[in-house]
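Step one of this worksheet: look at the structure below.
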Amino acid sequence: QVQLVESGGGLVQAGGSLRLSCAASGRTGSNYHMGWFRQAPGKEREFLAVISWSSGRTYYSDSVKGRFTISRDNAKNTVYLQMNSLKPEDTAGYSCAARRIITTLFGTSPEQYNYWGQGTQVTVSS
């Protein structure tokens with residue numbers, strides 16, 4: 001089992017920045033890919049970014065590429081999502097997720113992930 005706890009959400013003005021954290025505990029390690037997703041009211045859950053615990057290799061959705069950066073601190077068992085140039089349309093609940101590695105290919109669908117955090121709300125005001 002893997003437990004994930006997100007933090008760092010809040011209210012920010014358009015153009016501002018936030019850094020989300022996802023602390024992992026339990027049976028963590030290099031056998032996982034860690035992803036960030038978001039879901040706005042009335043919309044489907046959207047993939048944002050993913051990182052490999054072991055190599056640090058990353059992949060981003062086109063909607064956030066260049067504005068968001070995913071990173072990890074292996075010593076702290078924590079994954080981060082640095083969000084810059086935030087827009088009102090970035091307002092959503094943000095969740096991190098862990099996927100047991102069965103292939104080197106990254107997963108971008110929520111169904112491909114095994115464990116989820118409770119989420120943290122990000123609200124961007126115009």
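A donor-acceptor contact shorter than 3.5 Å is absent between the side chain of Q82 and the backbone of I70. With T120 contributing its side chain and G9 its backbone, the two residues share a donor-acceptor pair below 3.5 Å. A donor-acceptor contact shorter than 3.5 Å is absent between the side chain of S109 and the backbone of Q112. Although no hydrogens or angles enter the test, the distance criterion places a donor-acceptor pair under 3.5 Å between the side chain of T103 and the main chain of L105. Formation of a donor-acceptor pair under 3.5 Å by the T91 side chain with backbone atoms of P88 is found in this model.
The OG1 atom of T58 sits 6.5 Å away from the CZ atom of F106 when rounded to the nearest 0.5 Å. Annotation: the span from E6 atom CD to C22 atom SG amounts to 5.5 Å, rounded to 0.5 Å. Rounding to the nearest 0.5 angstrom, the gap separating the CD1 atom in I102 from the CG atom in N31 is 12.5 Å. Here OG of S85 is found 7.0 Å from CZ of R67. Values are rounded to the nearest 0.5 Å.
Tested against W36, the residues S95, S61, C96 include a single side chain to side chain contact (heavy atoms under 4.5 Å, CB included) partner, C96.
Classified by interplanar angle (parallel below 30°, tilted 30° to 60°, perpendicular above 60°), the ring pair F37/F47 is perpendicular.
The two residues H33 and T104 have their closest heavy-atom pair at CE1-O, 3.9 Å. Annotation for Y32 and A98: closest pair CD2-CB, 3.9 Å, computed over non-hydrogen atoms.
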Worked verdict on L20 versus V79 for side-chain contact (heavy atoms from CB on, under 4.5 Å): CA-CA 8 Å; L20 306 182; V79 175; over 6 Å; no
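Residues T78 and D73 have side chains that never bring a donor and an acceptor to within less than 3.5 angstrom of each other. A donor and an acceptor atom, one from each side chain of Y94 and R38, are located under 3.5 Å apart. Under 3.5 Å, the side chains of R99 and Y115 contain no donor-acceptor pair of N or O atoms.
Side-chain contact between L18 and L86 is present, with at least one heavy-atom pair separated by less than 4.5 Å. Contact of the R19 side chain with the L81 side chain is not registered, since no non-hydrogen atoms from C-beta on lie closer than 4.5 Å.
Follow the hydrophobic side-chain contacts under 4.5 Å out from W116 and you reach V50 in the same cluster.
Between K87 and D90 no salt bridge is recorded (no basic side-chain N to carboxylate O distance below 4.0 Å).
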